[in-house]
Amino acid sequence: MSEQNHKVITRFAPSPTGVLHVGGVRTALFSWLYARKHNGEFVLRIEDTDTERSTALFEQDIIDGLAWLGLTYDHFYRQSERAPEHRAHLERMLAEGSVYEAEDNKDGTGKVIRFKNTNETITFADVVRGDITFDTTELGDFVIARDIDHPLYHFAVVADDYDMGITHVIRGEDGISNTPRQILIGRAMGAPRPVYAHIPLILAPDKSKLSKRHGAVSATAYRDAGYLPEALINFLALLGWNPGDEREIFTRDELIRDFSLDRIQKSGAVFSTEKLNWVNKEHSKRLPPEIAAEEVVRHFPDRDSTIVKAITPLVLERISVWSDIDTLCEAGEFTYFFTEPQIEAEKLSWKDASREDTMRHIDKLIEMLQEADYTHPDTIKASVWDYAEAEGRGAVLWPFRYALSGKEKSVDPFTIAHIIGRDQTLARLHVARSACDI
RNA sequence: GGCCCUAUCGUCUAAUGGUUAGGACAUCACCCUCUCACGGUGGUAAUCGGGGUUCAAAUCCCCGUAGGGUCACCA
């Protein structure tokens with residue numbers, strides 16, 4: 001059964017009983033990467049046979065999350081819509097005697113369908129962990145369907161994987177103990193045994209299973225927080241997999257090219273938002289400038305977009321996620337590019353420089369900046385640099401920057417002057433000059 | 001508890017019997033610098049414990065310990 005002869009078909013089979021969380025995303029990602037790498041197919045199968053707990057809202061969240069991340073699928077199924085196929089398998093197996101009807105132990109009415117366990121030791125070769133052996137005796141004649149029209153999880157999974165030609169079952173580590181009984185069912189059904197790869201779980205910082213109480217866990221929440229989909233994918237790919245060299249930043253295509261099942265880690269990995277933020281920042285830096293500017297503009301809804309575009313590089317080096325822009329703006333971080341700042345006279349002087357000296361420097365700055373070339377921060381710098389060097393950079397440049405920004409921490413004065421232009425620069429210096437005079 | 005899986009810096013990981021145990025995030029220091037951010041350089045920091053096997057063990061074996069998963073007429 002060499003892999004080369006068969007087209008690779010993988011699947012992601014979530015139940016819509018909750019949002020698509022990062023653990024699910026990574027499971028989907030690994031399956032998707034493997035299928036894409038081998039020019040195979042990727043199936044999304046919504047396992048909604050539990051009508052009590054499944055909701056359309058969760059199903060939509062899963063679909064939206066995968067769409068945002070660009071994890072495209074070639075086939076879409078809802079397990080609930082495959083009742084006829086399930087029934088056919090069940091009828092055939094009933095006839096063959098590999099499964100049988102039995103008393104309903106729960107309420108004594110009706111009958112359930114049980115698997116006739118052959119009580120063997122089953123060994124399967126997990127791609128990630130090597131041989132895993134179970135004694136299936138303890139499973140007993142487990143129930144595989146409530147009745148002929150209501151198959152249970154294990155049966156439905158095996159029947160669907162068979163019918164959909166799934167060659168590689170890539171799923172979370174929590175699927176390991178399900179595998180023996182699925183192998184048993186598959187064999188009785190006449191299905192070829194797929195390759196199994198059980199990937200490690202994603203953990204919270206305290207090493208427990210990741211859940212809502214650990215903050216944002218759903219893919220769409222990361223979307224809404226302003227993460228780049230390729231960054232989340234890059235980060236998640238590196239959680240439990242590595243390329244074998246020291247690269248950390250990958251495009252989607254690079255991941256497809258370099259991904260392999262045999263470099264998947266065995267142990268669980270803690271999800272680190274700090275590292276995710278770093279990865280996101282690295283991806284932001286690599287964004288085409290126009291695209292980045294467009295996104296930044298969106299976060300300055302009522303501002304002059306020409307100015308916003310001009311300050312985009314400054315914004316980018318101060319954020320890791322888009323929503324950081326809003327946080328910085330609320331703190332008044334970039335307002336001085338758009339409106340004249342409020343300044344306080346006592347903050348105008350550098351360290352213990354005297355008010356007289358500061359006044360003198362401002363006068364000189366006004367004089368020099370009258371005729372300066374504003375086409376580039378460097379040309380502005382050139383016109384005042386010699387003076388600043390001679391008088392003490394701090395003594396000259398601090399008041400310069402403070403006059404323009406009204407902030408103790410800000411972008412450098414040359415860049416601000418370049419962006420706000422000659423008139424604004426001179427106007428603000430005059431305001432500072434008179435504030436000094438009072 | 002039974003069964004199964006796992007164990008390298010705080011975190012993600014590399015090293016498929018021989019390395020000063022490497023890289024990244026975070027952190028610290030220094031440099032750049034008027035401030036902030038960016039950037040640069042350097043530092044601190046790990047093989048869970050105990051036994052084997054071997055000339056040689058993070059690596060192979062066994063026993064502990066710890067963590068996780070799973071034990072439904074849920075998925």
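Computed from a predicted structure; not experimentally measured. Residue numbers start from 1 in every chain, and the chains themselves are labelled A, B, ... in the order their sequence lines are given, proteins ahead of strands.
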Does any nucleotide pair with [N] by Watson-Crick or G-U wobble geometry, both distances under 3.5 Å, and what is it?
| N | result |
| --- | --- |
| C30(B) | G40(B) |
| A7(B) | U65(B) |
| G2(B) | U70(B) |
| A75(B) | none |

Where protein sits on nucleotides 57-68 of chain B, one letter per nucleotide: B base, S sugar-phosphate only, - none, heavy atoms under 4.0 Å: -----------S

Sugar-phosphate, base or nothing in reach of E248(A), heavy atoms under 4.0 Å: base

Residue whose closest nucleotide on RNA chain B lies nearer the 5' end, D48(A) versus I132(A):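 This one resolves to I132(A).
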
Residue whose nearest RNA chain B nucleotide is more 5′ - I319(A) or S272(A): S272(A)

Report yes if at least one side-chain N or O of [X] is closer than 4.0 Å to OP1 or OP2 of [N]; otherwise report no.
| X | N | value |
| --- | --- | --- |
| K285(A) | G39(B) | yes |
| T49(A) | A75(B) | yes |
| W398(A) | C34(B) | no |
| R393(A) | C34(B) | yes |

Pair R87(A) + E91(A), salt bridge at N-O below 4.0 Å: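 Yes, charged N to carboxylate O under 4.0 Å.
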
salt_bridge(K381(A), D412(A)) N-O dist < 4.0 Å: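 No salt bridge links K381(A) with D412(A).
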
Please tell me which of the listed nucleotides, [options], lies nearest to the side chain of [X]?
| X | options | value |
| --- | --- | --- |
| S267(A) | C3(B), U8(B), C25(B) | U8(B) |
| V270(A) | C3(B), U11(B), A14(B) | U11(B) |
| V112(A) | U13(B), C73(B), C74(B) | C73(B) |
| D50(A) | C12(B), C74(B), A26(B) | C74(B) |
| L152(A) | U6(B), A24(B), A75(B) | A75(B) |
| D104(A) | C73(B), A24(B), U70(B) | C73(B) |
| E317(A) | C5(B), A37(B), C25(B) | A37(B) |

base_contact_polar (C38(B) base, R318(A) side chain, donor-acceptor, <3.5 Å): no

Check: C5(B) base within 3.5 Å donor-acceptor of R129(A) side chain: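 Not at all, since no donor on one side and acceptor on the other fall under 3.5 Å apart.
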
What interatomic distance, in whole Å, is found between [atom1] of [M] and the corresponding atom of [N]?
| N | M | atom1 | result |
| --- | --- | --- | --- |
| C9(B) | A46(B) | P | 9 Å |
| U27(B) | G10(B) | P | 16 Å |
| C63(B) | U6(B) | P | 14 Å |
| A37(B) | G49(B) | P | 40 Å |

Ring center gap for F30(A) and F259(A) short of 6.0 angstrom: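 Yes: the rings meet the under 6.0 Å criterion.
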
Ring centroid separation Y387(A) to H361(A) under 6.0 Å: yes

Aromatic plane relationship, F76(A) with Y73(A) - under 30° parallel, 30 to 60° tilted, over 60° perpendicular: tilted

